[in-house]
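What you see is a predicted model, and the numbers here were worked out from it, not measured in a lab. Lettering of chains follows the sequences in order, A, B, ..., and the numbering in each one begins at 1.
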Protein chains: 2
Amino acid sequence: MTRREAILDAATRLFSEKGFKDTSIAELATTTGVAEGTIFYHFKSKEDLLLQILEGIKVDILREFDRYIEARPAKRGLDQVQDALLFYLYLAGQMDSQFLLLQSHYLYRLADTNGECRTHLEAIFNCLVDIFEQAVLLGRSDGSIADVPARKAALLLFTMVDGLVRFKNYGLYDASALVAELIASSVRMLQQQEKEGRSRS
Amino acid sequence: MTRREAILDAATRLFSEKGFKDTSIAELATTTGVAEGTIFYHFKSKEDLLLQILEGIKVDILREFDRYIEARPAKRGLDQVQDALLFYLYLAGQMDSQFLLLQSHYLYRLADTNGECRTHLEAIFNCLVDIFEQAVLLGRSDGSIADVPARKAALLLFTMVDGLVRFKNYGLYDASALVAELIASSVRMLQQQEKEGRSRS
DNA sequence: ATTCCAACTGAGTACTCACTCGGCATTTTC
DNA sequence: GAAAATGCCGAGTGAGTACTCAGTTGGAAT
(Lines give C-alpha, C1' and ligand atoms only; values in the text may rest on other atoms or scores of the structure.)
Protein backbone atom coordinates (compact mmCIF):
# COMPACT_ATOMS: atom_id res chain seq x y z
CA MET A 1 0.00 0.00 0.00
CA THR A 2 1.42 3.35 -0.98
CA ARG A 3 1.68 6.13 1.51
CA ARG A 4 -1.01 8.04 -0.27
CA GLU A 5 -3.39 5.11 0.08
CA ALA A 6 -2.46 4.72 3.73
CA ILE A 7 -3.37 8.35 4.34
CA LEU A 8 -6.67 8.00 2.49
CA ASP A 9 -7.42 4.88 4.48
CA ALA A 10 -6.70 6.31 7.88
CA ALA A 11 -8.47 9.56 7.03
CA THR A 12 -11.60 7.70 5.97
CA ARG A 13 -11.69 5.92 9.28
CA LEU A 14 -10.95 8.98 11.38
CA PHE A 15 -13.29 11.32 9.50
CA SER A 16 -16.14 8.85 9.74
CA GLU A 17 -15.60 8.01 13.40
CA LYS A 18 -14.63 11.38 14.82
CA GLY A 19 -15.87 13.76 12.17
CA PHE A 20 -14.01 15.92 9.69
CA LYS A 21 -13.54 18.94 11.93
CA ASP A 22 -12.65 16.84 14.93
CA THR A 23 -9.80 15.13 13.18
CA SER A 24 -6.64 17.22 13.07
CA ILE A 25 -3.94 16.80 10.49
CA ALA A 26 -1.51 16.15 13.33
CA GLU A 27 -3.62 13.23 14.54
CA LEU A 28 -4.02 11.87 11.04
CA ALA A 29 -0.26 12.07 10.56
CA THR A 30 0.59 10.12 13.69
CA THR A 31 -2.14 7.56 12.98
CA THR A 32 -0.82 6.98 9.50
CA GLY A 33 2.78 7.11 10.65
CA VAL A 34 3.89 9.93 8.37
CA ALA A 35 4.87 13.55 8.89
CA GLU A 36 2.32 16.32 8.52
CA GLY A 37 4.14 17.64 5.52
CA THR A 38 3.66 14.34 3.70
CA ILE A 39 -0.10 14.75 3.86
CA PHE A 40 0.14 18.14 2.20
CA TYR A 41 2.55 16.75 -0.35
CA HIS A 42 -0.15 14.34 -1.56
CA PHE A 43 -3.22 16.51 -0.96
CA LYS A 44 -3.32 20.20 -1.41
CA SER A 45 -5.60 20.81 1.55
CA LYS A 46 -7.66 19.00 4.14
CA GLU A 47 -10.78 19.61 2.07
CA ASP A 48 -9.06 18.23 -1.02
CA LEU A 49 -8.27 15.10 0.97
CA LEU A 50 -11.94 14.75 1.85
CA LEU A 51 -12.95 15.16 -1.79
CA GLN A 52 -10.48 12.53 -2.91
CA ILE A 53 -11.85 10.18 -0.30
CA LEU A 54 -15.34 10.87 -1.59
CA GLU A 55 -14.26 10.19 -5.15
CA GLY A 56 -12.77 6.89 -4.04
CA ILE A 57 -16.01 5.98 -2.34
CA LYS A 58 -17.94 6.80 -5.50
CA VAL A 59 -15.64 4.66 -7.62
CA ASP A 60 -15.84 1.77 -5.16
CA ILE A 61 -19.60 1.86 -4.82
CA LEU A 62 -20.29 2.20 -8.53
CA ARG A 63 -17.91 -0.68 -9.25
CA GLU A 64 -19.46 -2.94 -6.63
CA PHE A 65 -22.98 -2.28 -7.87
CA ASP A 66 -21.93 -2.77 -11.49
CA ARG A 67 -20.49 -6.12 -10.50
CA TYR A 68 -23.64 -6.97 -8.63
CA ILE A 69 -25.85 -6.08 -11.58
CA GLU A 70 -23.69 -8.14 -13.94
CA ALA A 71 -23.80 -11.16 -11.71
CA ARG A 72 -27.38 -11.11 -10.53
CA PRO A 73 -29.40 -14.14 -11.52
CA ALA A 74 -32.61 -13.91 -13.51
CA LYS A 75 -35.39 -13.67 -11.00
CA ARG A 76 -38.75 -12.02 -10.57
CA GLY A 77 -38.53 -8.31 -9.82
CA LEU A 78 -39.89 -8.79 -6.32
CA ASP A 79 -37.14 -11.25 -5.53
CA GLN A 80 -34.55 -8.92 -7.00
CA VAL A 81 -35.76 -6.21 -4.65
CA GLN A 82 -35.04 -8.51 -1.75
CA ASP A 83 -31.61 -9.36 -3.14
CA ALA A 84 -30.86 -5.68 -3.65
CA LEU A 85 -31.83 -4.85 -0.08
CA LEU A 86 -29.59 -7.60 1.25
CA PHE A 87 -26.75 -6.60 -1.03
CA TYR A 88 -27.01 -3.00 0.12
CA LEU A 89 -26.79 -4.09 3.73
CA TYR A 90 -23.93 -6.44 2.94
CA LEU A 91 -22.01 -3.68 1.21
CA ALA A 92 -22.71 -1.21 3.99
CA GLY A 93 -21.19 -3.76 6.35
CA GLN A 94 -18.14 -4.30 4.18
CA MET A 95 -17.57 -0.61 3.54
CA ASP A 96 -18.76 0.62 6.90
CA SER A 97 -16.41 3.57 7.26
CA GLN A 98 -17.29 4.77 3.79
CA PHE A 99 -21.01 4.46 4.32
CA LEU A 100 -20.71 6.16 7.68
CA LEU A 101 -18.82 9.03 6.10
CA LEU A 102 -21.57 9.37 3.50
CA GLN A 103 -24.02 10.11 6.29
CA SER A 104 -22.07 13.08 7.61
CA HIS A 105 -23.80 16.42 7.33
CA TYR A 106 -20.54 18.09 6.50
CA LEU A 107 -20.48 16.56 3.04
CA TYR A 108 -23.94 17.80 2.18
CA ARG A 109 -23.14 21.30 3.38
CA LEU A 110 -19.98 21.23 1.33
CA ALA A 111 -22.00 20.11 -1.66
CA ASP A 112 -23.85 23.42 -1.57
CA THR A 113 -20.72 25.30 -2.54
CA ASN A 114 -18.56 22.63 -4.14
CA GLY A 115 -19.75 21.22 -7.44
CA GLU A 116 -17.38 18.27 -7.41
CA CYS A 117 -18.67 17.20 -4.03
CA ARG A 118 -22.25 17.50 -5.18
CA THR A 119 -21.55 15.52 -8.35
CA HIS A 120 -20.04 12.65 -6.42
CA LEU A 121 -22.84 12.57 -3.87
CA GLU A 122 -25.50 12.60 -6.55
CA ALA A 123 -23.79 9.84 -8.48
CA ILE A 124 -23.62 7.67 -5.37
CA PHE A 125 -27.18 8.46 -4.36
CA ASN A 126 -28.54 7.70 -7.84
CA CYS A 127 -26.59 4.48 -8.04
CA LEU A 128 -27.97 3.33 -4.69
CA VAL A 129 -31.54 4.19 -5.58
CA ASP A 130 -31.28 2.88 -9.13
CA ILE A 131 -30.81 -0.75 -8.22
CA PHE A 132 -34.06 -0.64 -6.30
CA GLU A 133 -35.81 1.21 -9.09
CA GLN A 134 -34.62 -1.28 -11.70
CA ALA A 135 -35.86 -4.18 -9.63
CA VAL A 136 -39.24 -2.50 -9.08
CA LEU A 137 -39.62 -1.75 -12.78
CA LEU A 138 -38.79 -5.35 -13.63
CA GLY A 139 -41.29 -6.53 -11.05
CA ARG A 140 -43.99 -4.36 -12.52
CA SER A 141 -43.44 -5.82 -15.97
CA ASP A 142 -43.23 -9.42 -14.81
CA GLY A 143 -46.27 -9.00 -12.62
CA SER A 144 -44.65 -9.71 -9.27
CA ILE A 145 -44.91 -6.10 -8.15
CA ALA A 146 -48.01 -3.95 -8.07
CA ASP A 147 -48.46 -0.84 -10.13
CA VAL A 148 -46.51 1.49 -7.83
CA PRO A 149 -44.44 4.49 -8.92
CA ALA A 150 -41.01 2.89 -9.31
CA ARG A 151 -38.76 5.79 -8.40
CA LYS A 152 -40.76 6.72 -5.34
CA ALA A 153 -40.95 3.13 -4.16
CA ALA A 154 -37.20 2.85 -4.68
CA LEU A 155 -36.62 5.97 -2.60
CA LEU A 156 -38.72 4.56 0.21
CA LEU A 157 -36.80 1.28 0.11
CA PHE A 158 -33.64 3.34 0.28
CA THR A 159 -34.86 5.22 3.35
CA MET A 160 -35.35 1.92 5.12
CA VAL A 161 -31.97 0.35 4.40
CA ASP A 162 -30.30 3.68 5.04
CA GLY A 163 -32.14 3.90 8.35
CA LEU A 164 -31.02 0.41 9.29
CA VAL A 165 -27.41 1.33 8.66
CA ARG A 166 -27.95 4.37 10.81
CA PHE A 167 -29.41 2.29 13.65
CA LYS A 168 -26.34 0.11 13.49
CA ASN A 169 -23.96 3.07 13.53
CA TYR A 170 -25.70 4.85 16.36
CA GLY A 171 -26.34 1.71 18.35
CA LEU A 172 -29.96 2.75 18.82
CA TYR A 173 -31.33 -0.64 17.90
CA ASP A 174 -29.92 -3.97 16.91
CA ALA A 175 -30.17 -3.53 13.16
CA SER A 176 -29.59 -7.18 12.33
CA ALA A 177 -32.78 -8.05 14.18
CA LEU A 178 -34.65 -5.81 11.76
CA VAL A 179 -33.41 -7.28 8.50
CA ALA A 180 -35.97 -10.04 8.24
CA GLU A 181 -38.82 -7.67 9.00
CA LEU A 182 -37.44 -5.14 6.51
CA ILE A 183 -37.55 -7.77 3.77
CA ALA A 184 -41.01 -8.97 4.73
CA SER A 185 -42.35 -5.43 4.94
CA SER A 186 -40.86 -4.49 1.60
CA VAL A 187 -42.51 -7.49 0.01
CA ARG A 188 -45.89 -6.62 1.50
CA MET A 189 -45.39 -3.06 0.38
CA LEU A 190 -44.73 -3.97 -3.22
CA GLN A 191 -46.31 -7.27 -4.06
CA GLN A 192 -49.17 -7.65 -6.45
CA GLN A 193 -52.26 -8.23 -4.41
CA GLU A 194 -54.63 -10.83 -5.76
CA LYS A 195 -58.02 -9.28 -5.34
CA GLU A 196 -61.17 -10.23 -7.16
CA GLY A 197 -64.09 -8.01 -8.14
CA ARG A 198 -61.97 -5.03 -9.16
CA SER A 199 -63.41 -4.64 -12.69
CA ARG A 200 -64.04 -1.03 -13.58
CA SER A 201 -64.36 0.63 -17.00
CA MET B 1 -37.65 36.75 24.87
CA THR B 2 -34.83 36.67 27.40
CA ARG B 3 -31.26 36.85 26.31
CA ARG B 4 -30.72 33.27 27.29
CA GLU B 5 -33.57 32.16 25.05
CA ALA B 6 -32.25 34.29 22.22
CA ILE B 7 -28.89 32.57 22.48
CA LEU B 8 -30.49 29.12 22.55
CA ASP B 9 -32.57 30.05 19.55
CA ALA B 10 -29.74 31.37 17.42
CA ALA B 11 -27.47 28.52 18.46
CA THR B 12 -30.06 25.94 17.45
CA ARG B 13 -30.28 27.51 14.03
CA LEU B 14 -26.54 27.91 13.54
CA PHE B 15 -25.61 24.49 14.92
CA SER B 16 -28.15 22.78 12.69
CA GLU B 17 -27.27 24.73 9.56
CA LYS B 18 -23.50 25.00 9.86
CA GLY B 19 -22.69 22.30 12.37
CA PHE B 20 -21.51 22.49 15.94
CA LYS B 21 -17.80 22.70 15.23
CA ASP B 22 -18.27 25.13 12.37
CA THR B 23 -20.12 27.63 14.51
CA SER B 24 -17.81 29.78 16.60
CA ILE B 25 -18.86 31.46 19.79
CA ALA B 26 -17.88 34.77 18.19
CA GLU B 27 -20.31 34.19 15.33
CA LEU B 28 -23.05 33.10 17.69
CA ALA B 29 -22.47 36.23 19.76
CA THR B 30 -22.81 38.62 16.81
CA THR B 31 -25.79 36.71 15.42
CA THR B 32 -27.57 36.93 18.75
CA GLY B 33 -26.42 40.49 19.33
CA VAL B 34 -24.68 39.84 22.63
CA ALA B 35 -21.07 39.77 23.78
CA GLU B 36 -19.13 36.53 23.90
CA GLY B 37 -18.90 36.79 27.65
CA THR B 38 -22.68 36.80 27.92
CA ILE B 39 -22.85 33.38 26.34
CA PHE B 40 -20.48 31.98 28.95
CA TYR B 41 -22.40 33.72 31.67
CA HIS B 42 -25.50 31.70 30.77
CA PHE B 43 -23.80 28.46 29.68
CA LYS B 44 -20.71 27.09 31.26
CA SER B 45 -19.28 25.83 27.99
CA LYS B 46 -20.11 25.39 24.32
CA GLU B 47 -20.91 21.74 24.97
CA ASP B 48 -23.18 22.69 27.85
CA LEU B 49 -25.02 25.01 25.47
CA LEU B 50 -25.55 22.13 23.07
CA LEU B 51 -26.86 19.91 25.85
CA GLN B 52 -29.31 22.57 27.00
CA ILE B 53 -30.53 22.92 23.43
CA LEU B 54 -30.99 19.16 23.29
CA GLU B 55 -32.91 19.18 26.53
CA GLY B 56 -35.17 21.87 25.15
CA ILE B 57 -35.78 19.80 22.05
CA LYS B 58 -36.66 16.82 24.17
CA VAL B 59 -39.11 18.81 26.23
CA ASP B 60 -40.71 20.33 23.12
CA ILE B 61 -41.04 17.05 21.27
CA LEU B 62 -42.40 15.11 24.24
CA ARG B 63 -44.93 17.89 24.89
CA GLU B 64 -46.08 18.03 21.29
CA PHE B 65 -46.53 14.30 21.07
CA ASP B 66 -48.33 14.18 24.40
CA ARG B 67 -50.71 16.81 23.09
CA TYR B 68 -51.16 14.87 19.89
CA ILE B 69 -51.91 11.67 21.74
CA GLU B 70 -54.43 13.44 23.97
CA ALA B 71 -56.22 14.99 21.04
CA ARG B 72 -56.20 12.17 18.56
CA PRO B 73 -59.64 10.96 17.55
CA ALA B 74 -60.79 7.38 17.92
CA LYS B 75 -59.91 5.63 14.70
CA ARG B 76 -58.77 2.29 13.46
CA GLY B 77 -55.09 1.60 14.13
CA LEU B 78 -54.24 1.68 10.44
CA ASP B 79 -55.69 5.16 10.14
CA GLN B 80 -53.84 6.27 13.24
CA VAL B 81 -50.60 5.14 11.64
CA GLN B 82 -51.33 7.46 8.74
CA ASP B 83 -52.16 10.30 11.08
CA ALA B 84 -48.98 9.70 13.03
CA LEU B 85 -46.87 9.76 9.89
CA LEU B 86 -48.43 13.02 8.81
CA PHE B 87 -48.07 14.50 12.27
CA TYR B 88 -44.42 13.54 12.37
CA LEU B 89 -43.83 15.26 9.05
CA TYR B 90 -45.84 18.28 10.16
CA LEU B 91 -43.82 18.58 13.35
CA ALA B 92 -40.53 18.12 11.50
CA GLY B 93 -41.61 21.02 9.33
CA GLN B 94 -42.54 23.20 12.27
CA MET B 95 -39.42 22.37 14.26
CA ASP B 96 -37.10 22.04 11.31
CA SER B 97 -33.94 23.35 12.97
CA GLN B 98 -34.47 21.08 15.92
CA PHE B 99 -35.08 18.00 13.81
CA LEU B 100 -32.09 18.85 11.65
CA LEU B 101 -29.90 19.12 14.71
CA LEU B 102 -31.11 15.73 15.87
CA GLN B 103 -29.63 14.23 12.74
CA SER B 104 -26.13 15.49 13.41
CA HIS B 105 -23.51 12.84 14.00
CA TYR B 106 -21.88 14.97 16.62
CA LEU B 107 -24.71 14.36 19.07
CA TYR B 108 -24.46 10.61 18.74
CA ARG B 109 -20.72 10.64 19.21
CA LEU B 110 -21.17 12.82 22.25
CA ALA B 111 -23.75 10.37 23.56
CA ASP B 112 -21.02 7.72 23.79
CA THR B 113 -19.28 9.65 26.54
CA ASN B 114 -22.02 11.86 27.94
CA GLY B 115 -24.84 10.15 29.75
CA GLU B 116 -27.11 13.18 29.77
CA CYS B 117 -26.85 13.46 26.02
CA ARG B 118 -27.60 9.78 25.58
CA THR B 119 -30.59 9.99 27.91
CA HIS B 120 -32.13 12.84 25.97
CA LEU B 121 -31.55 11.20 22.61
CA GLU B 122 -33.05 7.93 23.76
CA ALA B 123 -36.08 9.68 25.22
CA ILE B 124 -36.69 11.51 21.94
CA PHE B 125 -36.09 8.41 19.86
CA ASN B 126 -38.43 6.30 21.96
CA CYS B 127 -41.11 8.94 21.90
CA LEU B 128 -40.95 9.16 18.11
CA VAL B 129 -41.07 5.42 17.64
CA ASP B 130 -43.71 4.88 20.32
CA ILE B 131 -46.50 6.72 18.54
CA PHE B 132 -46.06 4.41 15.58
CA GLU B 133 -45.85 1.36 17.81
CA GLN B 134 -49.01 2.33 19.70
CA ALA B 135 -50.92 2.77 16.47
CA VAL B 136 -49.68 -0.56 15.13
CA LEU B 137 -50.65 -2.34 18.34
CA LEU B 138 -54.10 -0.79 18.21
CA GLY B 139 -54.43 -1.82 14.59
CA ARG B 140 -53.52 -5.38 15.40
CA SER B 141 -56.18 -5.58 18.06
CA ASP B 142 -58.89 -3.89 15.97
CA GLY B 143 -58.04 -6.04 12.98
CA SER B 144 -57.03 -3.27 10.61
CA ILE B 145 -53.34 -4.23 10.74
CA ALA B 146 -51.86 -7.65 10.07
CA ASP B 147 -50.00 -9.67 12.66
CA VAL B 148 -46.68 -7.88 12.31
CA PRO B 149 -44.13 -7.29 15.10
CA ALA B 150 -45.21 -3.88 16.34
CA ARG B 151 -41.90 -2.44 17.48
CA LYS B 152 -40.07 -3.49 14.36
CA ALA B 153 -42.81 -2.20 12.10
CA ALA B 154 -42.72 1.08 14.03
CA LEU B 155 -38.97 1.33 13.55
CA LEU B 156 -39.36 0.81 9.82
CA LEU B 157 -42.05 3.48 9.65
CA PHE B 158 -39.66 5.74 11.51
CA THR B 159 -36.86 5.10 9.03
CA MET B 160 -39.14 6.24 6.24
CA VAL B 161 -40.34 9.51 7.75
CA ASP B 162 -36.85 10.18 9.03
CA GLY B 163 -35.52 9.57 5.52
CA LEU B 164 -38.08 11.95 4.06
CA VAL B 165 -36.98 14.68 6.42
CA ARG B 166 -33.42 13.97 5.36
CA PHE B 167 -34.31 14.25 1.68
CA LYS B 168 -35.85 17.61 2.41
CA ASN B 169 -32.85 18.83 4.34
CA TYR B 170 -30.30 17.69 1.80
CA GLY B 171 -32.38 18.70 -1.19
CA LEU B 172 -31.78 15.32 -2.77
CA TYR B 173 -35.40 14.82 -3.69
CA ASP B 174 -38.60 16.76 -3.34
CA ALA B 175 -39.80 15.18 -0.14
CA SER B 176 -43.35 16.52 -0.40
CA ALA B 177 -43.81 14.55 -3.61
CA LEU B 178 -43.10 11.41 -1.62
CA VAL B 179 -45.63 11.90 1.17
CA ALA B 180 -48.59 10.36 -0.61
CA GLU B 181 -46.57 7.34 -1.65
CA LEU B 182 -45.17 6.99 1.84
CA ILE B 183 -48.69 6.78 3.25
CA ALA B 184 -49.86 4.39 0.58
CA SER B 185 -46.81 2.17 1.00
CA SER B 186 -47.17 2.12 4.75
CA VAL B 187 -50.77 1.04 4.41
CA ARG B 188 -49.87 -1.76 2.01
CA MET B 189 -47.09 -2.78 4.35
CA LEU B 190 -49.35 -3.09 7.36
CA GLN B 191 -52.88 -3.78 6.33
CA GLN B 192 -54.66 -7.00 6.99
CA GLN B 193 -54.76 -8.90 3.74
CA GLU B 194 -58.01 -10.66 3.01
CA LYS B 195 -56.93 -14.02 1.75
CA GLU B 196 -59.01 -17.14 1.72
CA GLY B 197 -57.91 -20.76 2.19
CA ARG B 198 -55.51 -20.00 5.01
CA SER B 199 -56.95 -22.42 7.58
CA ARG B 200 -54.31 -24.21 9.53
CA SER B 201 -54.65 -25.79 12.99
C1' DA C 1 30.66 9.57 -9.70
C1' DT C 2 27.50 13.11 -10.38
C1' DT C 3 23.23 14.95 -11.19
C1' DC C 4 18.60 14.95 -10.62
C1' DC C 5 14.18 14.44 -8.78
C1' DA C 6 10.30 12.73 -6.42
C1' DA C 7 9.11 11.59 -1.78
C1' DC C 8 9.36 13.01 2.62
C1' DT C 9 10.36 15.70 6.93
C1' DG C 10 9.11 18.70 11.00
C1' DA C 11 9.93 23.08 12.99
C1' DG C 12 7.91 27.36 12.04
C1' DT C 13 3.87 30.68 10.94
C1' DA C 14 -0.23 33.02 11.03
C1' DC C 15 -4.46 32.45 12.66
C1' DT C 16 -8.77 30.87 15.00
C1' DC C 17 -10.80 29.02 18.83
C1' DA C 18 -13.20 28.42 23.43
C1' DC C 19 -12.96 30.38 27.48
C1' DT C 20 -11.51 33.97 31.43
C1' DC C 21 -11.70 37.92 34.09
C1' DG C 22 -11.88 42.48 35.84
C1' DG C 23 -14.97 45.90 35.49
C1' DC C 24 -19.49 48.40 34.31
C1' DA C 25 -24.62 49.13 34.61
C1' DT C 26 -28.88 48.20 36.42
C1' DT C 27 -31.92 46.24 39.70
C1' DT C 28 -32.98 44.35 44.25
C1' DT C 29 -32.52 44.14 49.15
C1' DC C 30 -32.10 45.98 53.61
C1' DG D 1 -29.08 55.32 49.99
C1' DA D 2 -25.68 51.89 50.84
C1' DA D 3 -24.78 47.32 49.75
C1' DA D 4 -25.33 43.34 47.32
C1' DA D 5 -26.60 40.79 43.50
C1' DT D 6 -27.44 40.04 38.83
C1' DG D 7 -26.68 40.57 34.01
C1' DC D 8 -23.55 41.89 30.79
C1' DC D 9 -19.32 43.34 28.38
C1' DG D 10 -15.05 42.64 25.37
C1' DA D 11 -10.10 42.74 25.38
C1' DG D 12 -6.94 39.24 26.57
C1' DT D 13 -4.97 34.32 26.89
C1' DG D 14 -3.11 30.06 25.73
C1' DA D 15 -3.97 26.04 23.31
C1' DG D 16 -4.65 24.20 19.00
C1' DT D 17 -5.26 24.66 13.91
C1' DA D 18 -4.19 24.08 8.77
C1' DC D 19 -0.70 24.87 6.06
C1' DT D 20 4.40 26.29 4.44
C1' DC D 21 9.00 25.72 3.27
C1' DA D 22 13.87 25.03 3.50
C1' DG D 23 16.18 21.09 3.78
C1' DT D 24 17.14 15.76 3.75
C1' DT D 25 16.95 11.29 1.72
C1' DG D 26 17.46 7.50 -1.51
C1' DG D 27 17.21 5.70 -5.78
C1' DA D 28 17.41 6.17 -10.82
C1' DA D 29 19.51 8.20 -15.00
C1' DT D 30 23.46 9.73 -17.35
Honestly, is B:K21 close enough over B:Y106, meaning NZ or CZ under 6.0 Å from the six-membered ring centre and within 45° of the axis? no
When you check the phosphate oxygens OP1 and OP2 of C:dA6, does a side-chain N or O of A:H42 lie under 4.0 Å from one of them? no
Residue whose closest nucleotide on DNA chain C lies nearer the 5' end, B:A26 versus A:T38: A:T38
Set of side-chain hydrogen bond (donor to acceptor under 3.5 Å, both in side chains) partners for B:E27, sequence neighbours left out: B:K18
Closest approach of B:S186 to B:L157 (non-hydrogen atoms, all atoms of both residues): OG-CD2, 3.5 Å
Residue-phosphate contact under 4.0 Å: A:Y41 side-chain N/O, C:dC8 OP1/OP2: no
Gap between atoms CG and P, on B:L28 and C:dT16 respectively (whole Å): 18 Å
Nucleotide of D:dC19, D:dG10, C:dT9 approaching A:F40 most closely (side-chain heavy atoms): D:dC19
Looking at the side chain of B:S24, which of D:dA18, C:dT9, C:dA18 is the nearest nucleotide? C:dA18
So, OP1 or OP2 of D:dC8: does either fall under 4.0 Å of a side-chain N or O from B:R4? no
What's the NZ-C1' distance between A:K44 and D:dC19, to the nearest Å? 13 Å
Could you tell me whether the side chain of A:L155 reaches within less than 4.5 Å of the side chain of B:L164, counting heavy atoms only? no
Does D:dG7 have OP1 or OP2 sitting under 4.0 Å from an N or O in the side chain of B:R3? no
Under 4.0 Å, heavy atoms only, any strand: does B:T30 hit a base, just the sugar-phosphate, or nothing? nothing
Base, sugar-phosphate, or nothing for A:T2, non-hydrogen atoms under 4.0 angstrom? nothing
